[in-house]
Amino acid sequence: MANAGAILAGGCVGMLLKKGLPERFRKLIFDAAATAVFLIGISGVMSEGLHAAQDGSLSSQYMLVLILSLVFGAVVGEALNINDLFQKAGDAIKKRFSKGESNVGEGFAATTILFCAGAMAIIGSIQDGVQGDPSLLYTKAVLDAISSVIFGAVYGVGVLLSAGSVFLYQGVMTLLAGLVAPYLGDVVVSQMSMVGSAVLMLIAFDMWEVRKFNVANLIPAAFMPFVFSLITRFF
C-alpha cells in the first residue's frame with residue numbers, strides 16, 4: 001500500500017515538475033537511501049546471527065546456514081538465470097503495452113518492471129509477510145517515489161498506472177509469505193530473515209555503484225533455510 005501510494009504521489013509531482021528532479025538531488029537521495037538499505041541489512045544479520053548469553057557474552061549462530069544459503073542460492077539463481085527472466089518479462093511487457101503513438105503504455109511497462117522486478121520487492125514482501133516487518137518496503141517506497149518523480153515528468157499517466165501493478169504484486173507476495181509463515185517455525189523464519197538481510201547489503205553496494213551485482217539471482221538464497229529444514233526432516 002505504501003509503495004503504491006508513493007508511486008502515485010511521486011508520479012503526480014513529476015507530472016507537475018515536467019523537467020524532473022535535478023540529477024545532483026537524485027544522486028544524493030539515492031545514496032542516502034542505499035545507506036538505509038545497508039544499515040537495515042547489517043542490522044538484520046546481526047540481530048539474527050548473534051546470540052546473547054545470560055552472562056552477557058555474544059556468540060554467532062546460523063553462520064553455516066547463512067554461508068550455505070548464499071552459495072546454493074546463488075547456484076540456483078544462476079542456473080535459472082532469474083535476472084535474465086526478469087529482463088525477458090520486461091521486454092514482453094514493453095512489447096505488449098508500448099504500441100501506438102502514446103507513451104503511456106511505454107511508461108507503464110518501464111516503471112512496472114522497475115518497481116516489481118527488483119530483489120527489494122520480493123525480500124521486503126517476505127519480511128513483511130513472515131515477520132510483520134514492513135521497514136524494507138517503506139525504504140523501497142522512498143526509492144519508488146523518487147523514481148516516479150523522474151519518470152512521471154517523462155511518461156505522465158503511465159507511471160501512475162504502474163502503482164496498481166505494484167499493489168497487486170507486492171500484496172500477493174506478502175499474503176503468500178504470511179500464509180506459509182505458521183508452518184516455517186521460529187528458527188527457519190530467523191534464518192530466512194538473516195539471509196535476506198545479507199542480500200540487502202549487496203543491494204546497497206549495487207545502489208552505490210561500488211560493484212554491479214545480479215542481485216535477482218540471489219533471491220533463491222532467502223528460501224534456502226526452508227529447503228534445508230525440509231531436507232533435515234527427511235534425513
Side-chain angles (χ1 to χ4, degrees), residues 2-3 6-7 9-11 13-14 17 19-46 66-67 69-71 73-78 80-91 93-94 106-107 109-127 135-155 159 162 166 169-170 193-222:
N3 292 89
I7 293 168
V13 172
L17 291 177
K19 294 183 180 181
L21 195 67
E23 175 64 22
R24 68 181 188 278
F25 287 101
R26 185 198 69 83
K27 181 69 167 61
L28 180 61
I29 295 172
F30 263 79
D31 285 344
T35 302
V37 171
F38 179 80
L39 291 176
I40 292 173
I42 195 170
S43 175
V45 171
M46 293 181 66
L66 174 62
I67 296 171
S69 295
L70 290 174
V71 171
V75 171
V76 172
E78 285 291 335
L80 297 176
N81 203 352
I82 297 176
N83 193 67
D84 187 56
L85 292 177
F86 278 148
Q87 186 63 46
K88 289 180 179 179
D91 292 340
I93 293 175
K94 287 181 180 180
E106 183 180 353
T111 51
T112 294
I113 297 163
L114 175 68
F115 299 141
C116 293
M120 286 181 71
I122 297 175
I123 294 175
S125 297
I126 292 173
Q127 288 187 346
S135 58
L136 179 57
L137 291 182
Y138 290 155
T139 303
K140 180 179 179 294
V142 175
L143 297 176
D144 290 350
I146 298 169
S147 300
S148 60
V149 170
I150 300 169
F151 285 100
V154 178
Y155 294 117
V159 177
S162 67
V166 173
Y169 176 75
Q170 292 185 181
S193 176
M194 181 176 62
V195 176
S197 296
V199 176
L200 289 185
M201 296 169 66
L202 294 181
I203 294 176
F205 285 118
D206 193 31
M207 293 171 65
W208 280 324
E209 298 181 352
V210 174
R211 179 180 173 184
K212 186 68 178 176
F213 292 96
N214 289 331
V215 183
N217 286 350
L218 280 170
I219 290 174

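Everything numeric in this text was worked out from a predicted model, so none of it was measured.
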- Contact check, side chains of Ile7 and Ser162, non-hydrogen atoms, under 4.5 Å: yes
The reported gap from OG in Ser135 to CD in Gln127 (rounded to nearest 0.5 angstrom) is 6.0 Å
Output for pair (Leu39 CG, Met201 CE), nearest 0.5 Å, gives 9.5 Å
query: Is Leu200 close to Phe38 at the side-chain level, that is, under 4.5 Å between some pair of heavy atoms?
result: no
Correct closest heavy-atom pair for Ala141 and Asn3 would be N-ND2, 3.2 Å
Within the structure provided, determine whether Thr35 and Trp208 are in side-chain contact (heavy-atom separation under 4.5 Å).
yes
Any side-chain heavy-atom pair of Val199 and Ile219 under 4.5 Å:
no
Correct closest heavy-atom pair for Leu66 and Ala198 would be CD1-CB, 3.9 Å
Note: Val195 and Ser69 closest approach over all heavy atoms is CG2-CB, 3.7 Å
Side-chain donor/acceptor pairs under 3.5 Å, residues 145-153, sequence neighbours excluded:
from: Ser147; atom 1: OG; to: Leu143; atom 2: O; distance (Å): 3.1
from: Ser148; atom 1: OG; to: Gly11; atom 2: N; distance (Å): 3.4
from: Ser148; atom 1: OG; to: Asp144; atom 2: O; distance (Å): 3.0
from: Ser148; atom 1: OG; to: Ala145; atom 2: O; distance (Å): 2.8

Exercise. Distance-only, no hydrogens or angles: does the Asn217 side chain make a donor-acceptor pair with backbone N or O of Ile82 under 3.5 Å?
Worked result: yes
